[in-house]
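Scroll down for the structure; my scribbles are underneath it.
Every number for a ligand or one of its atoms is a count from 1 in the order of the listing.
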Amino acid sequence: MSKKLLDDTSKFLSYVLRHEPQAIGLVLDTDGWAAIDALISGAARDGRTLDRQLIQQVVDSSDKKRFSVSADGQRIRAVQGHSTKTVDLQFEAKRPPATLYHGTATRFMASINEQGLIPGSRRHVHLSQEVETASAVGQRYGTVVTLEVAAQQMQDQGFKFYQAENGVWLTELVPVIFISHL
Ligand code: HQG
């Protein structure tokens, strides 16, 4: 199976399982699950050929473990990163490490210095445990700036933190006072 086919399919799955399920007539439940059969038939109407083997390969090879398949093998979901309003994943609040990192681009800094980190179209601000991961995320948007977030200090003041199955840390917003430049 070619890497291009896997990458293309992964992007398509992110699009329909995080952002626009309605684009292929797919319905996600509030936990983000979609029936794999409905995903395959919805994709087919869109002219895209998916089968269970391809889907499983994308799930298994995803570098960031973006997707998971239910124990009975019938359903699939994205483990984080949703913008679609119908999905509200129930994460358990968890104690974060003292420091988490967020990679962004220089062009967003004026606004971040005023508003702090906000989720944009997604449900949460995404934070990483490793500087390298954060920096790779920021590079997607331009000249990277890596920010340090005083996560435990935030939690001590009542902010909640969650960790998705794939290790990404999530919180609703990060006020400016908890952010410093590396
Ligand atoms: C920025 C990838 C202006 C924020 C990654 C970011 C991640 C602000 C952008 C996941 C701002 C939002 C998410 C403010 C934040 N003013 N800009 N006040 N506050 N921003 O893509 O964190 O490959 O929604 O810094 O690994 O970049 O998709 O979030 O640059 O986990 O699986 O607004 O996406 O995973 O961008 O990335 P995004 P993100 P996947």
Side-chain angles (χ1 to χ4, degrees), residues 3-21 23 26 28 31-34 39 54-69 76-89 91-92 94 96-97 99-151 154 159-182:
K3 177 156 183 339
K4 179 168 185 324
L5 177 61
L6 290 173
D7 283 355
D8 263 18
T9 308
S10 177
K11 287 194 176 124
F12 174 74
L13 292 185
S14 287
Y15 175 67
V16 296
L17 296 176
R18 287 173 171 174
H19 307 300
E20 302 283 346
L26 193 63
L28 309 184
D31 291 321
W33 292 108
L39 170 64
L54 173 57
I55 292 170
Q56 192 60 50
Q57 284 238 21
V58 170
V59 172
D60 294 340
S61 64
S62 168
D63 51 349
K64 294 183 184 165
K65 304 261 170 274
R66 294 180 178 89
F67 312 104
S68 68
V69 170
I76 184 170
R77 71 174 173 180
V79 302
Q80 40 75 224
H82 298 83
S83 65
T84 175
K85 296 284 174 271
T86 57
V87 173
D88 188 13
L89 295 196
F91 297 107
E92 248 176 69
K94 191 170 169 184
T99 306
L100 287 170
Y101 302 94
H102 179 89
T104 189
T106 44
R107 63 194 164 97
F108 298 140
M109 283 314 297
S111 165
I112 291 173
N113 284 330
E114 280 192 6
Q115 304 182 317
L117 291 169
I118 55 172
S121 59
R122 305 198 200 230
R123 305 295 289 242
H124 297 100
V125 173
H126 291 221
L127 302 166
S128 316
Q129 218 154 304
E130 287 87 30
V131 186
E132 297 73 28
T133 313
S135 146
V137 171
Q139 270 161 25
R140 301 178 307 161
Y141 289 108
T143 306
V144 65
V145 185
T146 308
L147 303 174
E148 225 178 72
V149 171
M154 274 181 71
F159 291 88
K160 290 203 159 52
F161 284 81
Y162 312 93
Q163 193 173 28
E165 273 168 58
N166 62 354
V168 171
W169 283 91
L170 307 166
T171 193
E172 320 273 321
L173 81 162
V174 181
V176 181
I177 47 162
F178 299 106
I179 302 173
S180 49
H181 290 233
L182 263 188

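In His102, the part holding a heavy atom less than 4.0 Å from any atom of ligand 1 is the side chain. Counting heavy atoms under 4.0 Å from ligand 1, residue Ile118 touches it through both backbone and side chain.
Annotation: atom 29 (O) of ligand 1 to nearest protein heavy atom, Arg122 NE, 3.9 Å. At the shortest separation from atom 35 (O) of ligand 1 among protein heavy atoms lies Lys64 NZ, 3.6 Å. Atom 16 (N) of ligand 1 has Ser111 OG, 2.5 Å as its closest protein atom, hydrogens excluded (heavy atom only). Scanning the protein for heavy atoms near atom 20 (N) of ligand 1, the closest one is Ile112 CD1, 4.1 Å. Atom 9 (C) of ligand 1 has Phe108 CE1, 4.3 Å as its closest protein atom, hydrogens excluded (heavy atom only). In this structure, atom 2 (C) of ligand 1 lies nearest to the protein heavy atom Arg140 NH1, 3.5 Å.
Taking 4.0 Å as the cut-off, Ser128 does not count as a neighbour of ligand 1 on heavy-atom distance.
For the pair Arg18 (side chain) and Ala78 (backbone), a donor-acceptor distance under 3.5 Å is absent. Judged by distance alone, the side chain of Ser62 and the main-chain N or O of Val58 form no donor-acceptor pair under 3.5 Å.
Interface atoms of ligand 1 facing Gln115, defined by a heavy-atom separation under 4.0 Å, are 14 (C), 16 (N), 18 (N). Proximity to Leu117 (heavy-atom distance under 4.0 Å) selects the following atoms of ligand 1: 15 (C), 19 (N). For ligand 1, the atoms lying closer than 4.0 Å to a non-hydrogen atom of Arg18 are 28 (O), 32 (O), 40 (P). Taking every non-hydrogen atom of Tyr141 and a distance limit under 4.0 Å, the qualifying atoms of ligand 1 come out as 21 (O), 27 (O), 30 (O), 36 (O), 38 (P).
Residue pairs meeting the ring pair (Phe, Tyr, Trp, His ring centres under 6.0 Å) criterion with at least one member in residues 163-182, sequence neighbours excluded, are Phe159-Phe178. Residue pairs meeting the salt bridge (Lys or Arg N to Asp or Glu O under 4.0 Å) criterion with at least one member in residues 159-168, sequence neighbours excluded: Arg77-Glu165.
Between atom CD of residue Glu148 and atom CD1 of residue Ile179 there is a gap of 11.5 Å, rounded to the nearest 0.5 Å. Atom OG1 of Thr84 is separated from atom CG of Leu17 by 10.5 Å, given to the nearest 0.5 angstrom. Atoms CG and OH, on Leu127 and Tyr101 in that order, are 11.5 Å from each other to the nearest 0.5 Å.
Comparing heavy-atom distances from atom 13 (C) of ligand 1 across Arg123, His124, His126 singles out His126 as nearest.
Nearest heavy-atom pair, Phe67 versus Val79, reported as atom, atom and distance to 0.1 Å: C-CG1, 4.0 Å.
Around NZ of Lys85, the count of heavy atoms belonging to other residues, nucleotides or ligands within 6.0 Å exceeds 12.
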